[in-house]
Asks: 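Shown below is the structure under consideration.
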Amino acid sequence: MLNPQVKQLIRETYHNISQSLPDYQVRKEQNYLVAEIAKTLAGEYDPKRRILVAEAGTGIGKSLAYLLGGLAVAQNQNKKLIISTATVTLQEQLINKDLPFFLRHSSLSFTFTLVKGRGRYCCEHKLRALADPQDGQIALWDEKPRTKDIELVKRLYKAYQDGKWQGDRDTWPTPIADHVWQQIIADKHSCSRALSHHHQCPFHKARDELEKADVLVVNHALLLADTELGGGIILPEPDSCFYVMDEAHHLPSIARDFASAHIAINASINWLSKLELLNRKIAQQVSGTSTMSVGSEMVANALSIKQELGHVAQFFNHNTALFNSDGSYRFAMGELPDPLPQHAIAIRDESRGCLKNLNKLLSTIAEQLKQGEIKTKVAEPLLADVGNNVQRLETFLQLWTMLAKEPTGNHAPLACWAKQLDQGDKDILLAASPIEVGGLLEQQLWSQAAGVLLCSATLTALSHFDFFRHQSGLKQDDGTQYLRLRSPFDYDKITLALPAMQFEPGSDNFDKELCDKIPNMIAKQQGNLVLFASYWQMRLVAEKIKNKLDAPILLQGELSRSQLLTDYKARCDKGETAILFGTGSLSEGLDLPGHYLTNLIITKLPFAVPTSPVEEAHSEWIESRGGNPFLQITIPEASKKLIQSCGRLVRKENDWGQITILDRRLVTRRYGKGLLDSLPPFKRDIQY
């Protein structure tokens with residue numbers, strides 16, 4: 001049950017916050033969300049399954065709600081609050097705006113920090129070595145540095161020494177080139193906390209802050225990296241944390257991408273050949289007969305893997321007819337043709353042995369460095385070199401473990417495919433990915449966490465949670481709570497128009513009709529956004545109608561996104577007609593409140609064609625079980641994307657304007673009613 005003291009603390013904090021925000025309006029939807037978050041995390045509904053899935057429309061104030069409802073319960077139960085997002089923009093808003101404001105005006109005392117991956121920090125030891133003015137330091141660079149590279153490293157080190165820079169790549173005022181950053185990056189092997197002279201490196205100091213902080217802000221990828229390792233490796237143990245997954249609709253696709261792997265065959269053969277050279281280098285610089293024995297075993301493993309890869313390459317060279325016109329070949333139902341399964345098993349087994357031996361060598365070098373048996377300037381480059389090979393071999397093994405897995409009828413198969421590459425010597429890319437990740441999320445996260453809130457403005461599709469629930473591995477009767485709250489905005493100020501179109505998408509005349517209609521639909525002296533289904537269609541229409549308009553068309557792709565929006569907003573601020581043409585990537589995350597957007601035109605329903613191997617494999621799997629991929633995947637995805645597209649016009653409470661959809665399938669096809677009904681209750685103007 002929710003502790004009465006916690007209830008009182010939430011009420012006090014809410015009162016303080018409401019008094020501190022200018023023009024604050026009490027929203028019953030936000031109050032309800034706060035209460036449901038607190039009750040769920042406190043175990044009031046189910047003490048063993050503290051999970052809430054909440055769709056909260058624009059304007060409810062999700063960030064404030066989950067801080068109000070989550071932090072007080074977390075502190076009462078001695079848990080950390082981990083807020084995970086999909087975008088850098090939301091992370092920055094939380095760290096720079098929402099959390100500082102909440103801390104100043106709430107009744108709670110807490111600390112917070114932004115958690116980044118190791119690769120965003122430099123290694124103090126490497127930085128100092130490269131910045132050392134003594135002769136001979138150029139030898140530490142992988143390639144001869146330019147003068148400006150050396151000067152940059154010296155500026156970085158000076159700022160670090162003076163306490164003006166904390167060693168975080170993202171906080172340096174200008175971009176740091178990759179080839180420079182790679183020289184000073186805090187890789188996990190050469191910049192290990194086990195090495196005494198690395199205790200004060202920026203990454204390790206940041207991890208100390210993590211231990212002290214009550215609220216951790218992370219991204220979904222970092223969170224998934226931790227859960228894949230078993231939890232408690234990068235972040236605190238899952239059972240000591242309450243998780244807030246903001247922008248949760250992205251989580252299934254990010255999890256799927258994270259669990260995928262790929263390699264290029266010839267490139268892998270070339271890399272494996274270099275392990276023999278690495279072994280010689282280790283033998284010269286690290287003492288011990290056991291090291292020589294382990295190194296010999298590693299080289300033998302690598303040789304066996306190369307031979308097996310040669311057989312795999314030979315198979316594809318002899319079967320070029322398997323590849324489509326785009327150079328790709330997907331293995332139907334994830335099943336590899338003979339003799340590839342045997343080769344995959346052999347490569348997997350030899351890779352395990354190779355990785356085991358490589359890790360032994362890594363441990364030996366680290367131990368000898370700790371004991372003073374090997375000099376730091378010798379050991380650190382060696383640790384970095386061996387460590388890089390360990391990481392590459394881990395990814396390599398991940399792929400072959402998936403390819404060697406025998407498909408079963410009970411679970412969705414993997415998507416496995418090959419693709420011809422045209423880089424230099426013709427190479428073959430091999431890749432594999434799960435098509436459903438719900439089971440992984442349940443196993444690694446939902447069943448391990450102390451409590452979870454999954455929230456977003458778009459979690460339902462066709463007005464229910466079924467699609468998201470299936471994607472994320474949740475079930476209707478497993479104790480998970482579901483909550484859908486409509487935006488409190490006045491939708492009567494916005495008209496949803498479906499004009500009488502003569503042709504539907506797919507017709508040869510549809511593009512011509514778009515060219516005829518759109519010029520007359522552009523609102524003068526207003527902000528206009530026109531969303532297209534493809535770049536090709538967008539460019540075609542722009543070229544055909546540009547001379548019919550009184551204002552220039554700002555076309556996605558012709559300028560950077562930031563410059564495009566700067567130019568667009570400048571025209572709006574001057575009271576001029578502003579016209580922005582974009583594709584589906586602008587349908588989410590684009591914030592154009594008030595006068596910046598009053599006229600939104602959507603040319604076509606956002607149906608995704610299953611063109612990627614993963615999407616094709618998913619459709620194939622559904623069909624094999626008697627399902628309909630269009631109804632089970634395409635329509636729900638289109639519903640989410642259409643809601644997101646319409647949401648570009650509804651950012652603030654006083655927003656107004658018109659949304660026009662030029663796709664008649666909303667009224668001519670059976671599925672159209674479901675798509676329309678899932679949209680907010682706009683005032684409708686449908687011409688039949």
Side-chain angles (χ1 to χ4, degrees), residues 1-45 50-85 90-114 213-218 241-248 449-457 459 481-489 653:
M1 294 293 290
L2 193 56
N3 189 307
Q5 292 177 322
V6 174
K7 287 183 182 179
Q8 182 58 32
L9 185 58
I10 292 173
R11 290 193 193 99
E12 287 177 9
T13 301
Y14 177 77
H15 175 76
N16 294 344
I17 294 287
S18 63
Q19 295 300 305
S20 305
L21 278 170
D23 303 320
Y24 181 79
Q25 290 189 351
V26 175
R27 299 197 188 284
K28 62 180 181 181
E29 296 88 355
Q30 187 183 60
N31 292 342
Y32 190 57
L33 180 58
V34 170
E36 291 303 294
I37 292 169
K39 287 192 286 187
T40 301
L41 294 181
E44 195 162 308
Y45 292 116
R50 306 182 187 197
I51 301 176
L52 172 64
V53 178
E55 180 179 86
T58 306
I60 287 176
K62 292 189 298 297
S63 301
L64 180 57
Y66 58 64
L67 289 175
L68 276 165
L71 192 50
V73 180
Q75 290 195 331
N76 177 259
Q77 301 201 9
N78 197 28
K79 307 291 185 189
K80 285 186 184 289
L81 188 68
I82 296 183
I83 304 173
S84 182
T85 77
L90 183 51
Q91 283 184 315
E92 290 175 344
Q93 178 186 315
L94 285 163
I95 289 292
N96 300 324
K97 182 183 175 184
D98 294 348
L99 282 164
F101 178 85
F102 193 82
L103 179 60
R104 282 196 307 273
H105 299 290
S106 75
S107 304
L108 296 163
S109 175
F110 64 93
T111 57
F112 60 89
T113 189
L114 176 63
D214 303 299
V215 180
L216 309 178
V217 179
V218 305
C241 300
F242 287 150
Y243 295 91
V244 173
M245 312 286 189
D246 205 340
E247 303 174 310
V452 183
L453 164 68
L454 296 116
C455 62
S456 171
L459 285 179
Q481 304 300 305
Y482 294 89
L483 176 65
R484 190 183 188 201
L485 297 170
R486 288 281 198 181
S487 169
F489 292 168
E653 187 168 8

Asks: Of all the heavy-atom pairs spanning Lys62 and Asp246, show the shortest one and how long it is.
Replies: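 Nearest pair, atom of Lys62 first, then Asp246: CE-OD1, 3.8 Å.
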Asks: Quick one: are Leu67 and Val244 in side-chain contact, heavy atoms under 4.5 Å?
Replies: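 They are not in side-chain contact.
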Asks: Return yes if some donor-acceptor pair links the side-chain N/O of Gln5 with the main-chain N/O of Asn76 below 3.5 Å, else return no.
Replies: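 Flag not set: sc Gln5 to bb Asn76 has no pair under 3.5 Å.
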Asks: Considering all heavy atoms of both residues, which atom of Ala248 and which atom of Leu454 are nearest to each other, and what is their separation?
Replies: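 In terms of heavy atoms, the two residues are closest at CB-CB, 3.9 Å.
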Asks: Nearest 0.5 Å please: distance from the OG atom of Ser456 over to the CD atom of Glu55.
Replies: 7.0 Å
Asks: Do Val217 and Phe112 have side chains that get closer than 4.5 Å, going by heavy atoms?
Replies: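 Result no, sub-4.5 Å side-chain heavy-atom pair not found.
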Asks: Could you tell me which residues satisfy side-chain hydrogen bond (donor to acceptor under 3.5 Å, both in side chains) with Asn3, sequence neighbours excluded, listed by chain and number?
Replies: none
Asks: Taking the side chain as every heavy atom from C-beta outward, state whether Phe242 and Leu453 have any pair of such atoms under 4.5 Å apart.
Replies: no
Asks: Among Ile82, Leu114, Ile83, exactly one meets side-chain contact (heavy atoms from CB on, under 4.5 Å) together with Leu216. Which residue is that?
Replies: Ile82
Asks: Is there side-chain contact between Tyr66 and Leu81, with heavy atoms separated by less than 4.5 Å?
Replies: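 Of all side-chain heavy-atom pairs linking Leu81 with Tyr66, none is under 4.5 Å.
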Asks: Minimum heavy-atom separation for Arg50 to Ala450, with atom names?
Replies: CD-O, 3.5 Å
Asks: Once rounded to the nearest 0.5 Å, what's the spacing between atom CZ of Phe489 and atom CZ of Arg27?
Replies: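 If we round to the nearest 0.5 Å, Phe489:CZ and Arg27:CZ are 6.0 Å apart.
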Asks: Please report the C-alpha distance between Tyr14 and Asn31 in whole Å, then the side-chain angles of each, then the deciding distance to 0.1 Å, and finally whether the side chain to side chain contact (heavy atoms under 4.5 Å, CB included) criterion is met.
Replies: CA-CA 9 Å; Tyr14 177 77; Asn31 292 342; 3.2 Å; yes
Asks: Would you compute the distance between atom CD1 of Ile95 and atom CG of Leu90 and round it to the nearest 0.5 angstrom?
Replies: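 Output value for this atom pair is 10.5 Å.
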Asks: Are Ser63 and Phe102 packed together at the side-chain level, in the sense that at least one heavy-atom pair is separated by less than 4.5 angstrom?
Replies: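 Side chain of Ser63 against side chain of Phe102, heavy atoms only: no contact under 4.5 Å found.
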Asks: When you measure from the side chain of Ser487 to the backbone of Gly57, do you find a donor-acceptor pair of N or O atoms at a distance under 3.5 Å?
Replies: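 No; zero donor-acceptor contacts below 3.5 Å.
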Asks: Closest approach of Ala72 and Val6, non-hydrogen atoms and distance?
Replies: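 Of all heavy-atom pairs spanning Ala72 and Val6, the closest is CB-CG1, 4.0 Å.
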Asks: Would you give the length of the straight line joining atom NZ of Lys79 to atom SG of Cys241, rounded to the nearest 0.5 angstrom?
Replies: 8.5 Å
Asks: Indicate the atoms forming the closest heavy-atom contact of Gln75 with Ser109, along with that distance.
Replies: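 Residues Gln75 and Ser109, closest heavy atoms: NE2-O, 2.9 Å.
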Asks: Mark yes or no for whether Lys80, through its side chain, and Ala213, through its backbone, hold a donor-acceptor pair below 3.5 Å.
Replies: yes
Asks: Would Gln30 and Leu33 count as a side chain to side chain contact (heavy atoms under 4.5 Å, CB included) here? Give the steps.
Replies: CA-CA 5 Å; Gln30 187 183 60; Leu33 180 58; 5.6 Å; no
Asks: Measuring from atom CD of Gln8 to atom CD of Glu12, what distance do you get when rounded to the nearest 0.5 angstrom?
Replies: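 If we round to the nearest 0.5 Å, Gln8:CD and Glu12:CD are 4.5 Å apart.
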Asks: Return the minimal non-hydrogen interatomic distance between Gln77 and Ala42, and the atom names on each side.
Replies: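 So the minimum-distance heavy-atom pair works out to NE2-CA, 3.6 Å.
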Asks: Can you tell if the side chain of Phe110 reaches within under 4.5 Å of the side chain of Leu71, non-hydrogen atoms only?
Replies: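 Answer yes - side chains close enough.
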Asks: Please report the interatomic distance CG(Asp214) to OG1(Thr111), rounded to the nearest 0.5 Å.
Replies: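 Between atom CG of Asp214 and atom OG1 of Thr111 there are 4.0 Å.
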Asks: Do Asn16 and Ser106 make a side-chain contact, defined as non-hydrogen atoms from C-beta onward lying under 4.5 Å apart?
Replies: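 No, side chains not in contact.
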